[in-house]
Every structure is written in structure tokens, then in C-alpha cells.
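The next block holds one structure in the form of C-alpha cells; read it before the comments.
All residue numbers refer to positions in the sequence shown, counting from 1. Ligands are counted one by one from 1 in listed order, and the atoms in each one are counted from 1 as well. Side chains included, hydrogens not; waters and symmetry mates left out as well; all remaining heavy atoms used. The shown structure was predicted, so the numbers you read here are calculated from the model rather than taken from an experiment.
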Amino acid sequence: MSRASAPGKIILFGEHAVVYGRPALAVPVMQVHADVDVADGSRPGVWIHAPDVDLHAELSSLPSDHPLGAAARLFFSRFGVSPPPLEIHISSSIPVASGLGSGAAVTVALLRALSSALQHPLSAEETNSLAYEIEKLHHGAPSGIDNTVVTYAKPVYFVRGQPVETFKVGAPFTLVIADTGVAAPTRESVGDVRRLWEADRPRWEKVFDAVGEIVRTAKAKIEKGEWRALGALMDSNHSLLQRLAVSSPELDRLVESAREAGALGAKLSGGGRGGNMIALVEKADAPTAAEALKFAGAKRTIVTEVV
Ligand code: PMV
């Protein structure tokens, strides 16, 4: 049997503006992951079991735009192999449609488990580019940030269309991630931002420039170990995301309550409208901040250290 895993991810700065060519920073979240087992089958066909989404199906019965089926087919066609009988088991602790990269993580883990089971090595670059093809099924026109961070499992400074740039964290820092519990498809918020932009490009280009500036400053601060400076930058980035109309009452409530509970800064993370927010805290304050976020309505919290 072959087994592979891939972590979740969170965007620290730069979501949405990244679709318009500005940089973004994202980091892996090792506390949650997708796990895939591939075993030889005793019946014909490639059987995919994903009990989390109640899926038990033979590959040929899945529609062409089904992300799990598409990922397996893409792998087989990339190597020109007709697959032997296989039983594929997929599980994930990453909440779906909440900005934690669950789709990308499942794809990357699946590609790697198939690569090892069928002994067709895949480089990180190839894994990343195949996973990007599948991301398009999830998100329409994704920037590629999710598959990149999940594939490399390192902090990434991401600019669409440019070579992958990982970066070093000068001193570790702690984030509390809190889930609004509202599932919000990224495709929709990305589409709404596009409509705003199309109606008044100069106005929104300025907002994207301001986000890009925050991202560059944040990267420099992280590299120097001056992570406390990220708090104010998170607050500014959140305000710009509010202007882009991708926040929501639930997200704003969690962001406010994190600040009241002593967080150094807080913002929504990912596509917005729902999904997750992040709060920067002193390590010792993380449990208190997580409690405050639960009290303010968070359905789940994750404390993670960015290293
Ligand atoms: O919701 P997430 O974490 O998958 O992130 C979406 C990030 C966006 O910038 C809004 C879209 C993208 O493709 O980069």
C-alpha cells in the first residue's frame, strides 16, 4: 500500500489582489491534512472511497469535471498508463470551502500516492502544475497559490505566473485560525471582485496596489523576525478586503473579538464571505484568544505556529 499526505494552507496577506498580479503570502497549516492510501484492487477498476463526502465510486462512473476523478485521470494520462485495479481511500481533516486549501491538499496527496503506488516519480514542479489543472475545476480561474503552498509545504511569496519563491521565517509566530462555519465558494467572491474591477478599473487597481505594498512589507518583517509588526498590517489588509466587499458580518465579528481579546491584528483569510479568519497573538495568549473566538461564534479554531 502507498500512502501520502498534504497539509492545509492559509493565506496571510494578499488574497484577491493576487488574482490581479500582486504578490501574496501563504503558509502551510500542518495541524490539518489530507491523507490518501492506494492499494492493489481485488476487483476490476479504480475505486475511489472518500467517506467524508460520501463517495464510493468506480473512476469511469465519475463525471469528467469531478475533481477526484479528474486528478486520477490526469495522472494516468500524464504517464500514458492504463491503470491496474486499485482501491483509493481518501480522508481529510481540512474543512472544505473555508480557505484552508482542502481541494488542493486532496489533489496533491492523491497524485503523490498514485506516483508511489505505480512507481512513476513526480517532481514537485510537476505535482504543482497537475494540481493547478484540478484547481481550475474547483475555482474557475485560480491564481495557483493553494496548490503551490500545499505542494511545497513551506511559506510562499506567490506572484501569479512567476517561479515559486519560498521564504524564511526569521522568528516563529502564532496564529489562531477561526472558522465562521459559513461555507463560501471562492469562485463567487472572485467573480464579484471581477465585476467591481470591470466597472471601475482605476479605482480597484489602487486598492490592489495598496494590498501589494502590505504584502511586500509583511514579507520583509517576517524575514527579519519582526513578526509583531504584522498585526497592524493584518488590520490594514482586512480594511481593504472590506472595501472589496468580500468580508461578512460573521468574519467582521470574529476579527473584532480577536482584537478585543488582545490579538495584535486580525483579518479574513482566503476568498472571504465566510470561511476562516486569522488572528496574530503572543503564543501564551493563544488559548484565551481561541476561547474568545469560540464565544463570538467560531465553529472551530486551530492554533498554528508559523515556522
Ligand atoms: O479561499 P482560498 O483560500 O482558496 O483562497 C482564495 C484566494 C483568492 O485570492 C481569493 C483566489 C485565488 O485564486 O488566489
Side-chain angles (χ1 to χ4, degrees), residues 6-29 32-34 67 92 94-108 128-129 131-151 153 155-162 164-165 175 177-197 204-205 207-212 214-215 218 234 237-238 240-248 250-251 254 267-278 302 304:
K9 74 98 204 11
I10 201 92
I11 296 182
L12 294 183
F13 293 98
E15 49 277 273
H16 287 289
V18 70
V19 175
Y20 299 83
R22 273 56 167 199
L25 299 182
V27 295
V29 177
V32 286
H33 39 90
S92 171
I94 311 173
V96 294
S98 67
L100 281 165
S102 78
V106 166
T107 303
V108 167
N128 194 23
S129 91
Y132 180 65
E133 293 306 308
I134 305 303
E135 283 292 282
K136 290 186 196 164
L137 298 176
H138 284 291
H139 295 322
S143 62
I145 190 167
D146 279 28
N147 45 283
T148 302
V149 180
V150 163
T151 299
V156 168
Y157 176 81
F158 181 87
V159 182
R160 191 170 193 162
Q162 292 194 8
V164 175
E165 192 182 323
L175 296 175
I177 304 169
D179 193 344
T180 57
V182 178
T186 296
R187 189 191 272 273
E188 283 172 22
S189 64
V190 168
D192 290 348
V193 170
R194 178 145 307 257
R195 277 182 283 280
L196 282 183
W197 178 74
W204 300 109
E205 285 291 328
V207 172
F208 298 147
D209 282 341
V211 174
I214 291 173
V215 172
M234 286 166 77
N237 197 164
H238 187 70
L240 293 166
L241 289 161
Q242 285 174 319
R243 279 169 66 184
L244 285 165
V246 294
S247 194
S248 69
E250 292 85 358
L251 282 164
L254 294 183
K267 65 182 277 293
L268 72 84
S269 173
R273 298 277 166 76
N276 282 283
M277 54 74 70
I278 52 176
I302 299 169
T304 188

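Every atom of ligand 1 with a heavy atom of V18 under 4.0 Å away is listed here by number and element: 9 (O), 14 (O). Less than 4.0 angstrom separates some heavy atom of P142 from each of these atoms of ligand 1: 13 (O). Per-residue contacts place G271 under 4.0 angstrom from the following atoms of ligand 1 (heavy atoms of the residue considered): 1 (O), 2 (P), 5 (O), 6 (C), 10 (C).
Taking any N or O of E15, backbone or side chain, none lies under 3.5 Å from an N or O belonging to ligand 1. Considering backbone and side-chain N/O of G99, one or more are found under 3.5 Å from N/O of ligand 1.
Inter-residue side-chain proximity for Y132 and T151 is flagged as unmet; no heavy-atom pair is nearer than 4.5 Å. Side-chain contact between W204 and Y20 is absent, with no heavy atoms from C-beta onward closer than 4.5 Å. Residues K9 and D146 form a side-chain contact, since some pair of their non-hydrogen atoms from C-beta on lies under 4.5 Å apart.
Under the side chain to side chain contact (heavy atoms under 4.5 Å, CB included) rule, I302 has a single partner from I278, D179, V32, which is V32.
Counting protein heavy atoms only, atom 12 (C) of ligand 1 is closest to S143 OG, 3.3 Å. Atom 9 (O) of ligand 1 has as its closest protein heavy atom H16 N, 2.9 Å. Protein heavy atom nearest atom 7 (C) of ligand 1, with residue, atom name and distance: I11 CD1, 3.6 Å. Nearest non-hydrogen protein atom to atom 4 (O) of ligand 1 is D146 OD2, 3.1 Å. What sits closest to atom 6 (C) of ligand 1 on the protein, heavy atoms only, is T186 CG2, 3.6 Å.
There is no side-chain donor-acceptor pair under 3.5 Å between N276 and S269.
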Next item on the list: List the steps, then state whether side-chain contact (heavy atoms from CB on, under 4.5 Å) holds for V215 with R22.
Entry: CA-CA 9 Å; V215 172; R22 273 56 167 199; over 6 Å; no
Next item on the list: Please lay out, stage by stage, how V246 and D192 fare under the test side-chain contact (heavy atoms from CB on, under 4.5 Å).
Entry: CA-CA 8 Å; V246 294; D192 290 348; over 6 Å; no
Next item on the list: Show your reasoning for whether side-chain contact (heavy atoms from CB on, under 4.5 Å) applies to I11 and F158.
Entry: CA-CA 10 Å; I11 296 182; F158 181 87; over 6 Å; no
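Closest heavy-atom approach to atom 11 (C) of ligand 1 among the candidates N276, V190, V246: V190.
Remark: T186 pairs with H139, V190 by the side chain to side chain contact (heavy atoms under 4.5 Å, CB included) rule, at least two apart or across chains.
Remark: distances from the non-hydrogen atoms of K9 to ligand 1 include one below 4.0 Å.
Of the heavy atoms in I10, none comes closer than 4.0 Å to ligand 1.
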